[in-house]
Amino acid sequence: MNRETENNSIRMIFKNLPENEKISRTTAAVFAAETDPTMEELSDLKTVVSEAVTNAIIHAYPHGSGDIELYLKREGQTVYITVKDYGVGILDVARSMEPLYTTSEDQEHSGMGFTFMEAFSDSLDVTSEPGKGTVVKIIKMMGKEDEGGSDL
């Protein structure tokens with residue numbers, strides 16, 4: 001198999017601790033660097049991973065700790081991201097994806113996580129089952145800015 005067409009993946013399991021957001025975001029950026037992305041694409045990818053993991057850290061286990069899984073898969077110029085938790089789940093996924101909607105009791109969070117994920121990814125799918133957890137699947141295409149060529 002040609003190394004350029006070879007698929008690669010990483011799976012991480014970590015506790016819902018705030019410091020693990022930085023680790024997951026950095027891991028995703030390093031993993032995606034093999035696609036030779038633009039700085040903007042890399043920034044977008046880090047944003048979607050950060051938002052998805054932060055949502056799981058804050059909302060999945062409101063009264064305790066639990067596991068979060070980050071799965072990254074690379075196929076050519078496409079990065080597939082899955083963030084999964086086994087927490088309380090989301091009662092109304094469609095409503096939770098509305099801008100400014102938050103279940104955060106302290107009102108410290110803006111309710112823009114899913115909005116940012118949608119804006120900075122090529123595809124976003126959220127499934128959840130109350131009491132069982134949430135799965136966020138994101139697709140981010142890398143190298144799109146280079147497709148049209150440059151007149152410089």
Side-chain angles (χ1 to χ4, degrees), residues 4-62 64-104 106-129 132-147:
E4 291 180 19
T5 60
E6 210 172 323
N7 298 332
N8 194 6
S9 64
I10 292 176
R11 182 179 310 271
M12 296 172 49
I13 300 172
F14 50 90
K15 293 295 181 194
N16 63 322
L17 300 171
E19 60 264 28
N20 289 332
E21 177 274 329
K22 292 180 191 98
I23 294 167
S24 60
R25 179 184 55 196
T26 302
T27 300
V30 171
F31 182 78
E34 287 297 312
T35 65
D36 197 25
T38 65
M39 291 304 289
E40 182 178 348
E41 290 167 338
L42 206 51
S43 177
D44 291 352
L45 178 117
K46 289 178 1 183
T47 298
V48 298
V49 169
S50 177
E51 293 295 338
V53 170
T54 297
N55 273 358
I57 289 170
I58 292 169
H59 300 291
Y61 307 100
S65 72
D67 288 338
I68 298 170
E69 292 183 33
L70 172 65
Y71 178 70
L72 303 165
K73 181 179 177 185
R74 195 174 56 232
E75 289 183 358
Q77 295 298 106
T78 304
V79 178
Y80 298 87
I81 304 155
T82 301
V83 177
K84 181 177 184 178
D85 68 65
Y86 301 91
V88 297
I90 301 171
L91 290 172
D92 186 343
V93 172
R95 181 149 188 241
S96 73
M97 294 181 77
E98 293 175 4
L100 305 177
Y101 177 80
T102 183
T103 59
S104 179
D106 58 17
Q107 297 300 312
E108 283 185 34
H109 305 285
S110 67
M112 294 296 289
F114 286 130
T115 302
F116 289 141
M117 284 182 251
E118 229 169 7
F120 295 119
S121 68
D122 293 287
S123 174
L124 173 66
D125 180 63
V126 181
T127 56
S128 190
E129 187 175 342
K132 303 239 181 199
T134 301
V135 178
V136 176
K137 293 183 178 182
I138 300 163
I139 298 173
K140 179 65 181 160
M141 311 266 293
M142 309 302 262
K144 291 190 304 186
E145 275 81 15
D146 296 333
E147 286 178 358

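The chain is numbered in sequence order, starting from 1.
The shortest heavy-atom contact between P37 and M142 is CB-CE, 3.5 Å. Contact record, S65 with N16: CA-OD1, 3.1 Å, taken as the closest heavy-atom pair. What you find for Y61 and D67 is that their closest heavy atoms are OH-O, 2.6 Å. Taking each heavy atom of F120 and T47 in turn, the nearest pair found is CD1-CG2, 3.6 Å. Nearest approach of A60 to D85, heavy atoms of both residues: CB-CG, 3.4 Å.
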Can you check side-chain contact (heavy atoms from CB on, under 4.5 Å) on V88 and T134, steps first, answer last? CA-CA 8 Å; V88 297; T134 301; over 6 Å; no

Table please: side-chain donor-acceptor pairs of residues 25-33 below 3.5 Å, with sequence neighbours left out.
residue : atom : partner : partner atom : Å
R25     : NH1  : E21     : OE2          : 3.4
T26     : OG1  : K22     : O            : 2.9
T27     : OG1  : I23     : O            : 2.8

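Rounded to the nearest 0.5 Å, atoms NZ (K137) and CD1 (I81) are 13.0 Å apart. Separating the CD1 atom in I10 from the OH atom in Y71 is a distance of 10.0 Å, to the nearest 0.5 Å. In this structure, T127 OG1 and I90 CD1 are separated by 9.0 Å, a value rounded to the nearest 0.5 Å. Q77 CD to E34 CD: the interatomic distance, rounded to the nearest 0.5 Å, is 10.5 Å. Rounded to the nearest 0.5 Å, atoms NZ (K140) and CG (D122) are 5.0 Å apart.
Side-chain atoms of E41 come within 3.5 Å of backbone atoms of G143 as a donor-acceptor pair (strictly under, hydrogens ignored). Checked by atom type and distance alone, the side chain of N20 pairs as donor or acceptor with a backbone atom of K15 at under 3.5 Å. In terms of modelled atom types and a separation under 3.5 Å, the side chain of S9 and the main chain of L72 share no donor-acceptor contact.
A salt bridge links E69 with R11: at least one charged nitrogen is closer than 4.0 Å to a carboxylate oxygen.
Among residues two or more places apart in sequence or in another chain, the side chain to side chain donor-acceptor pair (under 3.5 Å) test is passed with K132 by none. Every side-chain contact (heavy atoms from CB on, under 4.5 Å) that S121 has, sequence neighbours left out, goes to V48, L124, I138.
Looking at I68 and I57, their side chains come closer than 4.5 Å, going by heavy atoms from C-beta outward. In this structure, the side chains of V79 and T35 come closer than 4.5 Å at one or more pairs of heavy atoms.
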